[in-house]
Every structure is written in structure tokens, then in C-alpha cells.
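Written below as C-alpha cells is the structure these notes are about.
Values reported hereafter were calculated over all heavy atoms of this structure, with side chains retained and with hydrogens, waters and symmetry mates removed. Here, residue 1 is the first one in the sequence, and each next residue gets the next number. This is a predicted model, so every value here is computed, not measured.
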Amino acid sequence: MTLRIGVIGTGAIGRDHIRRITCNLSGAEIVAVTDVNADAAALAIESYGLSGAKIYPDDLSLIAAPEVDAILVASWGPAHQQSVLAGIAAGKYVFCEKPLATTAAGCREIVEAEIKHGTRLVQVGFMRRYDSGYIQLKEAVESGFIGEPLMIRCAHRNPSSADLYTTDMAVTDTFIHEIDVLHWLVNDDYVSARVAFPKKTRNALPHLRDPQVITLETRGGILITTEIFVNCKYGYDIQCEIIGEEGIVRLPEVAGITYRKDAQLGMNLLMDWKDRFIDSYDRELQDFIDCINQNRTLQGPTSWDGYVAAVTADACVRAQESGQEEAIELDEKPEFYGGIALRSV
């Protein structure tokens, strides 16, 4: 079977997904695209020789098209909710880049719509769950290799940020990936968030507070601290260390050659997040395609995971503004997504 996919949004990430589905992955083809900029949609089709793909004027007409089996949502974040809900109403599978919706209420509406439909139709694009290093961490935690996790220390560093990048985006655009992958790693809901601002780097624009340190506490008592530093200059650097009762495991460094040159021993670092997680992007979409083609339940991040991320991010933004610890209050997890309880105290 060849899954026929319609792409909503042909910006940078949308074009990259079109490229990987067309050139790297198996079992799917792009048959439709739409974008608020019709020229961008046409260019995306032309760039990858998709002469058989049709350009639609908007997301709703693309979703309704009979030749479209599944939808890939890569549009502007505030437009995601409408597209995902329309996809569910049409009974079509949806791969949605983060955010699932820009509000927790919007994510909850999608959750309710999916439950009412009765089938898991939505996968959210939290690609870190498909990274080989994080998978190894997950296996170490679940096997009891280090005993019960007690603390987690993380860092998310970017060489620079765009002029329009704001302090709250450090949560909603950057830390959001840690929110999801750490929740998945330890299978434990968050209960509170705090944010501290160290001395500001001179490399940040006046409107941006950078770096910042976010602390989450889980229901089971695990304390998670994450440094967000989006103007670190030296490279794109993702770190994660889990401290357990009987040992410590760390996210492996990205593979690369070491060199001896000019009286130095060194290794090159990545500068672009797309390079760091390029394999993960391939794996998440291939898994989405395979599950549908093989008539299996989707295995990737769910609408519920999108809701958890939204509620947690909202609390972190409140903590940025208040300077106080903020509670994270999640609804009870529906049985539709695997039960009502995670790790207990």
C-alpha cells in the first residue's frame, strides 16, 4: 500500500518533510499541498518533481479531497487546531508538528474529538522520542539499570536566536521538546514549575532574558533542572543526565571524528538543530506511515501528549512572569490513551 499524504504548510519544515517522504522514506507519496502562499506551494511541488500533486486553496479543501489518505500539518502554529479537528472529523490520520494547538483548551478539544471518533488518528511531531540516544536512556530507566530516577539535569543550547525570538518562546518553542521527552522517559506527570534567570548574556537582544533555568517536579518526586541558553554561540548542544539510586546515565554525544591539528585535540560540534535530529525526523514519519499501512495503532506521541506539553508550558510561562513556583494541573488521563495513572508517589 502507498499512503497518499496531503501537506498543509510548505515552509521550512513542511518542505523538509516533503523531501524526506519523497526521497528517503517508503510506503507514502505526496499527492496534495496547500499554503497561504500559493507560490510557495507551487515551488515545493516543482522542487521535488511532484507533477502529480495538486495544489489546494486551503486546508479544509485538501482534507476533504478523496485522494488524500492522511494529512501532515506543518503550517503556522495557531492554524494547527483547525486542521487537526477537520482531519479527525474526516476520519483521516493526522501527523501534526508541534504545537498540537496553541492553548491547553485547544489541545483538550482535539483529545475529546479523537476519543469521540474512537480511533487514534493523531501523532504529534515530538521527534526526540525517536532519537537513538533518548531511546537508550528510556531502556536504561525501564530496565532498572540505575534504580529509581531521582534527578534529571538537562541543557538545551542554541548558537543564536532570531530577532523575533522572545523570552516565552524559550518555553513554547525550545523547552517544549524537553517537556515531552522527559515526561516520556520517566513516565511521570509534572506537578510544579519554577523559572530562574541567571546573569544575562551580552549576546542576547535587549528584549530577551537569556539564559534561564527551568525546574520541574514530578508527581513521584523527581526533580528536573534544564538550562535554556539560546545565544551560547559555540554550537547546538543537547544534554541530558539521569541520576538514579544506583547509577547515572547520560545522553551520548553526537558521533563525529576527533582531530589532532595545530597542537589541539578536538571534535567538531553541530550548529543546526535539523542536523542533530535529522535521523529522528525520518524515523518518526516512517513509523507513522508504517503503522497506518500495516493497520496498527499509532505508536508516536499522542494528542494527550500534546495536551500535557501545553499545560506544562503554560505553567512555565506563568513561572517566568511571577518568579514563583507554579502548579501544573492536568486532567485525569483517559483510558483511551493508556490508562488514568502514571508513576505514583
Side-chain angles (χ1 to χ4, degrees), residues 2-90 92-102 106 110 121-127 130 162 164-165 169 172-173 176-177 272-289 292 300-301 306:
T2 298
L3 185 69
R4 300 172 299 176
I5 297 177
V7 177
I8 300 171
T10 57
I13 190 65
R15 289 195 306 273
D16 202 38
H17 283 324
I18 290 172
R19 175 197 60 77
R20 64 175 36 91
I21 291 169
T22 303
C23 303
N24 292 6
L25 308 184
S26 62
E29 63 177 336
I30 305 299
V31 299
V33 300
T34 187
D35 194 282
V36 292
N37 182 341
D39 290 339
L43 180 61
I45 287 178
E46 180 183 350
S47 298
Y48 297 104
L50 304 175
S51 57
K54 183 176 178 180
I55 299 175
Y56 282 86
D58 54 49
D59 61 334
L60 299 182
S61 59
L62 180 146
I63 292 166
E67 75 270 20
V68 173
D69 302 318
I71 300 103
L72 194 157
V73 179
S75 52
W76 184 47
H80 288 189
Q81 183 179 346
Q82 171 181 287
S83 299
V84 175
L85 287 171
I88 294 171
K92 296 186 178 181
Y93 288 94
V94 181
F95 182 95
C96 181
E97 277 299 337
K98 59 89 177 168
L100 179 63
T102 53
I110 291 170
L121 294 175
V122 180
Q123 180 169 327
V124 184
F126 288 123
M127 75 293 182
Y130 290 87
L164 296 179
Y165 190 96
M169 290 172 68
T172 58
D173 278 31
I176 196 76
H177 286 289
D272 193 323
W273 56 270
K274 293 189 294 297
D275 295 332
R276 170 63 178 83
F277 290 107
I278 189 169
D279 292 338
S280 306
Y281 282 112
D282 286 352
R283 292 189 191 107
E284 67 172 353
L285 271 177
Q286 188 66 69
D287 184 48
F288 176 74
I289 293 165
I292 297 170

TODO: Taking the side chain as every heavy atom from C-beta outward, state whether E97 and F95 have any pair of such atoms under 4.5 Å apart.
DONE: yes

Task: For I71 against K92, the heavy-atom pair lying closest together - done: CD1-CB, 3.5 Å

Open item on the list: Restricting to non-hydrogen atoms, name the atom on R20 and the atom on L285 that form the minimum distance, rounded to 0.1 Å.
Closed with: CD-CD1, 3.6 Å

Open item on the list: If you compare all heavy atoms of G6 against all heavy atoms of V68, which two are closest, and at what distance to 0.1 Å?
Closed with: N-CG1, 3.8 Å

Task: Short N-O contact, R283 and D287, less than 4.0 angstrom - done: no

Open item on the list: Is the shortest side-chain heavy-atom distance between H17 and Y281 below 4.5 Å?
Closed with: yes

Task: Any residue meeting side chain to side chain contact (heavy atoms under 4.5 Å, CB included) with A86, in chain and number order, not counting sequence neighbours - done: L60, I63

Open item on the list: Applying side chain to side chain donor-acceptor pair (under 3.5 Å), can you list everything that pairs with Y93, at least two apart in sequence or on another chain?
Closed with: none

Open item on the list: For a 4.5 angstrom cut-off between non-hydrogen side-chain atoms, does M127 reach H177?
Closed with: yes

Task: Side-chain heavy atoms of Y130 within contact of Q286, under 4.5 Å - done: no

For residues 23-38, tabulate all N or O donor-acceptor pairs below 3.5 Å that involve a side-chain atom, not counting sequence neighbours.
| residue | atom | partner | partner atom | Å |
| --- | --- | --- | --- | --- |
| T34 | OG1 | Y56 | O | 2.7 |
| T34 | OG1 | D58 | N | 3.3 |
| D35 | OD1 | N37 | N | 2.8 |
| D35 | OD2 | T10 | N | 2.7 |
| D35 | OD2 | T10 | OG1 | 3.0 |
| N37 | OD1 | D39 | N | 3.0 |
| N37 | OD1 | A40 | N | 3.3 |

Open item on the list: Give me the atom names and distance for the closest heavy-atom approach of H80 to L100.
Closed with: CB-O, 3.5 Å

Task: Atom pair CD1 (I88) and CG (L121), whose distance is rounded to the nearest 0.5 Å - done: 6.5 Å

Open item on the list: Contact between Q123 and P301 at the side-chain level, heavy atoms closer than 4.5 Å - yes or no?
Closed with: yes

Task: Spacing of L62 atom CG and I8 atom CD1 [to the nearest 0.5 Å] - done: 5.5 Å

- [ ] Decide side-chain contact (heavy atoms from CB on, under 4.5 Å) for I45 and K54; before the verdict, give the C-alpha distance in whole Å, the side-chain angles of both, and the deciding distance to 0.1 Å.
- [x] CA-CA 9 Å; I45 287 178; K54 183 176 178 180; over 6 Å; no

Task: Separation between CG of L72 and CD1 of I18, rounded to the nearest 0.5 Å - done: 8.5 Å

Open item on the list: Is it the case that over 12 heavy atoms from other parts of the model lie below 6.0 angstrom from the CD atom of E46?
Closed with: no

